Amino acid sequence: MLALLGGLLLGWSGRAGAAADPLVSQGKAATASSTEGSSYAAGKAFDGNASTRWASEEGKDPQWLRVDLGGSVRISRVKLSWESAYAKAYRVEVSADGVTWTTLAEEKAGNGGTDEWTGLAGHGRYVRMYGTARGTSYGYSLFEMQVYGVPDGSPSPTGPSPTGPSPTGPSPTGPTPGGAFTVVAAGDIAAQCTASDSGCAHPKTAALAQQINPKFYLTMGDNQYDDARLADFRNYYDKTWGAFKAKTHPVPGNHETYDPAGSLAGYKAYFGSIAYPQGKSWYSFDEGNWHFVALDSNAFDQSAQIDWLKADLAANAKKCVAAYWHHPLYSSGGHGNDPVSRPVWKILYGAKADLVLNGHDHHYERFAPQDPDGKATADGIVEIVGGMGGAEPYPIEQVQPNSQKRISGEYGVLKLDFTDSGYGWSYVGTDGQVKDASPKYSCH
């Protein structure tokens, strides 16, 4: 679970150019609370070599690693690449004098791998990772700790910081510059419960989604549990997420196929032409410079959908492409990877698609850009699993290659911010706090 302190971590880059800010920590002087030995000195985490690392002594909390940036810096991003001895809980802190520290970001349920904190608004000469709880019986160990920002006296790459709505606040009224718009997305939503049950999550995610007030909503399947009957849609989904049904672009999940009245019968009866705007359970639409493709992953074996997808992408004139469906090709959750999506990924990759949104596994996860065979590549597709809309959470089971962040147990929604040339997003919990913020990506 990612928690923000003092409102310092924004939904995504706090300045338009923060993602392009330079690396300011490499090769700088570093100190640590302890080291496991001379081969694991503090400076090893700032040498730009991914095969060397800092390691603290084993079995003791707290421990810290600090870098001296050599002067005051406006800090926008910090990236931590953990060895197998990772921190379960830690803070990223900044200081002007190395004595008084301010928290920029806090992790309370870390699971190792790579943590990338974006949208930071820190200011100081010293930055440290302050570990308070080890994730293993060993110590703390980082291959690299990278700090990005702009030294004081240097101009920001894109000028002054813009101001805007809070991560969970309403979108501004009227046109937004550059065709920008916001979308809220989630999958695996309406359990058979209502707001009268304190443990019922979908009323809470619906309230959050409505508060954000996006241009429109996307759902990534399993909209209604357990068998997605029309009566259940009316009794549960409609009382929460149904409040903005007219602004929703849904896709079905596997639970929509379980309806005793027939596969997708309740889904089609409830959403009507909203889910079938082109006469099928798959369709596409445009917004700004983006082309959105809504697919039915229950029917990826049907040539009609595959042929339609190829024709749709061939006819697309928009620069940026996002697709969404239920079953993810890659997932670290209980269902794991689902190869049913690989042929679709190949088609999308060939069309230079940018983003894929999925559900099915009930957790949040983001992946680095990768190709259909799971190879990390700059021209790859970014995948997000966003199955925390209200169904019972699933644990993380086997971390997949290229997985950058995973959160289980914290209900929430994706708040996606699109421009004419790129996108970024935040995962917002039902407490209104940003739990994870993505890098800023440009369209292919």
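Note that the structure is predicted; figures quoted are calculated from it, not measured.
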Evaluate whether atom [atom1] of [X] has more than 12 neighbouring non-hydrogen atoms of other residues, nucleotides or ligands under 6.0 angstrom away.
| X | atom1 | answer |
| --- | --- | --- |
| Phe143 | CZ | yes |
| Lys318 | NZ | yes |
| Gln398 | CD | no |

Glu116/Arg77 under salt bridge (charged side-chain N to carboxylate O under 4.0 Å, His left out): CA gap, chis, key distance, verdict | CA-CA 7 Å; Glu116 188 163 6; Arg77 180 160 61 109; 2.5 Å; yes
Ring centres of [X] and [Y] under 6.0 Å apart?
| X | Y | result |
| --- | --- | --- |
| His363 | Tyr394 | no |
| Tyr40 | Trp54 | no |
| Phe285 | Phe216 | yes |
| Phe418 | Tyr441 | no |

Do [X] and [Y] have side chains that approach each other closer than 4.5 Å (heavy atoms only, starting at C-beta)?
| X | Y | result |
| --- | --- | --- |
| Tyr90 | Glu107 | yes |
| Tyr427 | Lys405 | no |
| Trp241 | Thr205 | yes |
| Ser421 | Lys319 | yes |
| Val127 | Ile75 | yes |
| Met220 | Leu414 | yes |
| Pro260 | Asp227 | yes |
| Tyr267 | Tyr276 | yes |

Taking the six-membered ring of Tyr237, is NZ or CZ of Lys245 closer than 6.0 Å to its centre and within 45° of its axis? no
All heavy atoms of Ala185 vs all of Leu357, minimum pair found to be CB-CD1, 4.2 Å
In short, Gly422 meets Trp290 closest at the heavy-atom pair O-CZ2, 3.6 Å
Under 3.5 Å, is there a donor-acceptor pair linking the side chains of [X] and [Y]?
| X | Y | answer |
| --- | --- | --- |
| His360 | Asp222 | no |
| Gln26 | Asp47 | no |
| Gln400 | Ser332 | no |
| Gln370 | Asn402 | yes |
| Arg134 | Ser137 | no |
| Gln146 | Ser25 | no |

Please work out which of the three classes, parallel, tilted or perpendicular, describes the rings of [Y] and [X], given edges at 30° and 60°.
| X | Y | result |
| --- | --- | --- |
| Tyr423 | Trp425 | parallel |
| Tyr140 | Trp82 | tilted |
| Tyr324 | Tyr283 | perpendicular |
| Phe233 | Tyr270 | parallel |
| Phe367 | Tyr330 | tilted |

Across all chains, not counting sequence neighbours, the salt bridge (Lys or Arg N to Asp or Glu O under 4.0 Å) partners of Glu93 are Arg91, Arg128
Residues at least two apart in sequence or cross-chain that pass side-chain hydrogen bond (donor to acceptor under 3.5 Å, both in side chains) with Ser51, listed by chain then number, are Asn49
Atom [atom1] in [X], atom [atom2] in [Y]: separation rounded to 0.5 Å?
| X | Y | atom1 | atom2 | result |
| --- | --- | --- | --- | --- |
| Leu264 | His255 | CG | NE2 | 13.5 Å |
| Ser263 | Asp296 | OG | CG | 7.5 Å |
| Ile381 | Asp354 | CD1 | CG | 8.5 Å |
| Arg229 | Arg234 | CZ | CZ | 13.5 Å |
| Lys352 | Asp379 | NZ | CG | 6.5 Å |
| Asp259 | Leu230 | CG | CG | 8.0 Å |

Only one of Asn298, Asn358, Leu295 passes side chain to side chain contact (heavy atoms under 4.5 Å, CB included) with His327, and that residue is Asn298
**OP:** Could you walk me through whether Val413 and Ile212 pass side-chain contact (heavy atoms from CB on, under 4.5 Å), step by step?
**Re:** CA-CA 10 Å; Val413 302; Ile212 295 172; 3.9 Å; yes
What verdict does the salt bridge (charged side-chain N to carboxylate O under 4.0 Å, His left out) test give for Asp436 and Arg366, after you've listed the backbone C-alpha separation in whole Å, the side-chain angles of each residue and the deciding distance to 0.1 Å? CA-CA 9 Å; Asp436 184 43; Arg366 60 177 164 95; 2.5 Å; yes
Take Lys310 and Asp312 through the salt bridge (charged side-chain N to carboxylate O under 4.0 Å, His left out) test and state the conclusion after the steps.
CA-CA 5 Å; Lys310 292 176 181 177; Asp312 178 82; over 6 Å; no
message: With side-chain contact (heavy atoms from CB on, under 4.5 Å) as the criterion, how do Lys215 and Glu287 come out once you've worked through the C-alpha distance, each side chain's angles and the decisive distance to 0.1 Å?
response: CA-CA 9 Å; Lys215 184 76 174 181; Glu287 183 67 40; 3.2 Å; yes
